[in-house]
Amino acid sequence: MQGVDHLADERNKADFDVGVMKIVWAGSRHAYELSHRFSHLVANDPVFRKDNRPLLSRKELFKASLRKAFHAWKLIKQLRLNGHPSSLWEMFVPAIKAQGSEEQLQQWLPLMNKMKIIGCYAQTELGHGSNVRGLETTATFDPKTDEFVLNSPKLTSTKWWPGGLGKIATHALAHARLIIDDKDYGVHAQVTREGKYVPSEVPRQLSYSTMVYVRQKIVFDASIALSRAVCIATRYSAVRRQFGSQNGSPETQVIDYKTQQARLFPLLASAYAIRFVSEWLKSFYTDLLERLEVNDFCTLPEAHACTAGLKSITTSVAADGIEECRKLCGGHGYLTSSGLPELFSVYIPACTYEGDNVVMLLQIDLGSLVGNLSCLLCQLMENLTQVARHLMKAISHLNSENKPIGTTAYLCRAEQLMQYHSDVLRAEDWLKPNVVVEAFEARAAKMSMACAQNLSKFNNPDDGFQELSPDLVEAAIAHCQLIVVSKFIDKLQQDIPGKGVKQQLQVLCSIYALFLLHKHVGDFLSTGCITPEQGSLANEQLRSLYTQVRPDAVSLVDAFDYTDHFLSSVLGRYDGNVYPKLYEEDICCGYVGGKGSYKHVGDSKIEETKWIEYCQHMDYQNIVLKIGDELFVSKIVCVKD
Ligand SMILES: Cc1cc2nc3c(=O)[nH]c(=O)nc-3n(C[C@H](O)[C@H](O)[C@H](O)COP(=O)(O)OP(=O)(O)OC[C@H]3O[C@@H](n4cnc5c(N)ncnc54)[C@H](O)[C@@H]3O)c2cc1C
């Protein structure tokens, strides 16, 4: 049956130009051609083989991943593609680039670029991660020897979590509290040769740009991780049939069940939404870099807040979405060969590293969300944490001529938004972009204003912030969701060619926004933005959008242009030939011998030329083998001719 496309009927239903959608997804024709070329190159290069991954021990897996990373880097160089080793060492390179002095850059950058050194980023300690001020490791300057003496005095000050790089790094960018002449300067970078503390020659704001860079990249990665899972779940949902057979007719494709659609299609729409907001974030970051070069820091606070907030909500959606996709694939989603368990386990730390997602949300510039509320609030916030001080600064600006700009500009209309009540009368009204945006703006503004008003009732600002932090997080989420919805709508204002492409994106945009409205309907109702009837109308429209997008679903995931190699999923195969391949991959029994070979990983030793008589799955990692009279419990065994 090789060569048969089992999803051909699905693809024939598509009512839009998939080729153009691929370009829209990639961001440009050039980006599409580059990623298409590279992904096919990778798929056909034996160094990048993935099919043996479940067979490898942890050490072998680690080595194989390193081999792939370096091979990828070599290819990037050979093919003269744009690239930088920073993509391999997430924090180390960008941090040195952004925070290093000229002398340090000259010393380290050439070595990093030629991969002569491998660096890890050692900030987190056993006892502290989010709270950087709490770090216990000290760097004491000794002017006699011209050295820093690093000391991690307690168990809790042990450097922890520099990731896999911690095992192979030749260098570490270690964060420590600076001590000179018994004086503790906190976590700081500069000291003269004579042992005199001087503030860094690198503007303090530049160090934030490292975080901005890394977080905007994390948002982009969230779109990849989620779309990968959605691609698998969508294709498999079109292949899988359960119930509904009448007089011998085929059973119903599970993708036709409304519950499946109501779980899957919002994730499909979210993948596109996250993609477009990451595109916007990247251009925001590029603009920021240009400004920083001429010492213009005016957009830095917003860039910092946006990347923190969007990092938080997009990684949470992606992590939860991958798990939902696993469930959407039923029992087979649990198999290693579905590609979903590994994707989930590799992805979920994104909710924690580079800033815990809840802590990130508390960084959102809610100060700028409260409009001209009061100077009282500024005073209240004076002694709060570093993040909230950033917040207070924004508030004090609000009372000046510096009105909210960018993503918070809608707060200039706070007075009007506080009076907002949706005028939706019919389900179709919810398809109008301005209707949706206004409802989201009013919800975010009303929630933030309520927080601000409640904060002002506390005599002790710390107490107020602590007490109200769950509400502040909810308000921050509302603000970030507004950003994603608005950027999706902005994207639709662009000239998008291709038959039916814009129409498909409009449908996805409405699904994304109305699904959020449905999920957070409590917010919209309690703030008086909508009535229960208007909530029902939104839901009615959502159901109709699911029906609309259904024939295009498979082609919408084809537009991600993922190779089978990248997906590593039997369930997500492009040709939909799931069952025979699933059988081959997961029920490994049969003859091994002659020129064939098999390999196993586990404690038990099995000779290469024996029959495997019996093989049974225990769970997604282990199988029971019967060889002769003996039973072996082993990791997945691969049998190949
Ligand atoms: C896979 C992985 C790789 C990593 N790589 C690196 C690396 O290369 N280098 C490095 O230095 N670090 C690395 N880290 C560490 C990572 O950056 C930290 O774990 C992260 O910043 C969270 O900090 P924490 O562990 O201290 O969490 P905690 O702050 O202890 O969080 C625990 C809980 O407390 C809550 N919480 C904490 N503070 C607040 C607050 N103020 N308000 C409300 N709730 C709060 C959090 O929401 C969370 O629920 C890595 C972590 C992982 C998982």
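Whatever order the structure lists ligands and atoms in, that order sets their numbers, starting from 1. Counting begins at 1 with the first residue of the sequence.
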Just to confirm, does any protein heavy atom lie below 4.0 Å from [atom]?
atom	value
atom 39 (C) of ligand 1	yes
atom 15 (C) of ligand 1	yes
atom 29 (O) of ligand 1	yes
atom 34 (O) of ligand 1	no

Got the closest protein heavy atom to [atom], with its distance?
atom	value
atom 25 (O) of ligand 1	Gly129 CA, 4.6 Å
atom 12 (N) of ligand 1	Thr124 OG1, 2.7 Å
atom 37 (C) of ligand 1	Val359 CG2, 3.7 Å
atom 31 (O) of ligand 1	Ser130 OG, 4.3 Å
atom 43 (C) of ligand 1	Leu362 CD1, 3.9 Å
atom 19 (O) of ligand 1	Thr352 CG2, 3.8 Å
atom 1 (C) of ligand 1	Pro349 CB, 3.5 Å
atom 13 (C) of ligand 1	Trp161 O, 2.9 Å

Ring-ring centroid check Tyr213 Tyr285, cutoff 6.0 Å: yes

Residues Arg263, Lys327; criterion side chain to side chain contact (heavy atoms under 4.5 Å, CB included); working and verdict: CA-CA 10 Å; Arg263 292 159 68 202; Lys327 293 184 205 157; 3.7 Å; yes

We want to know whether [X] and [Y] form a side-chain donor-acceptor pair, criterion being a heavy-atom distance below 3.5 angstrom.
X	Y	result
Arg275	Ser223	yes
Ser152	Thr137	yes
Ser101	Gln104	yes

Electrostatic pair Glu354-Lys311, nearest N-O below 4.0 angstrom: no

Glu323/Arg326 salt bridge by N-O under 4.0 Å criterion: yes

Nearest option to atom 46 (C) of ligand 1, as decided by whichever heavy atom of Asp356, Ile348, Val132 sits closest: Asp356

Min heavy-atom dist Glu354 to ligand 1 below 4.0 Å: yes

Lys NZ or Arg CZ of Arg291 over Phe297 ring: under 6.0 Å, within 45°: no

Considering only heavy atoms of [X], which atoms of ligand 1 have at least one such atom less than 4.0 Å away?
X	value
Val358	47 (O)
Tyr121	7 (C), 8 (O), 9 (N), 10 (C), 11 (O)
Pro162	7 (C), 8 (O), 9 (N)

Note, Tyr347 side chain near Leu226 side chain (heavy atom, < 4.5 Å): no

Any side-chain heavy-atom pair of His171 and Phe92 under 4.5 Å: yes

Min N/O separation Gln123 to ligand 1 under 3.5 Å: yes

Test side chain to side chain contact (heavy atoms under 4.5 Å, CB included) applied to Trp161 and Gln123, step by step: CA-CA 8 Å; Trp161 272 126; Gln123 177 174 302; over 6 Å; no

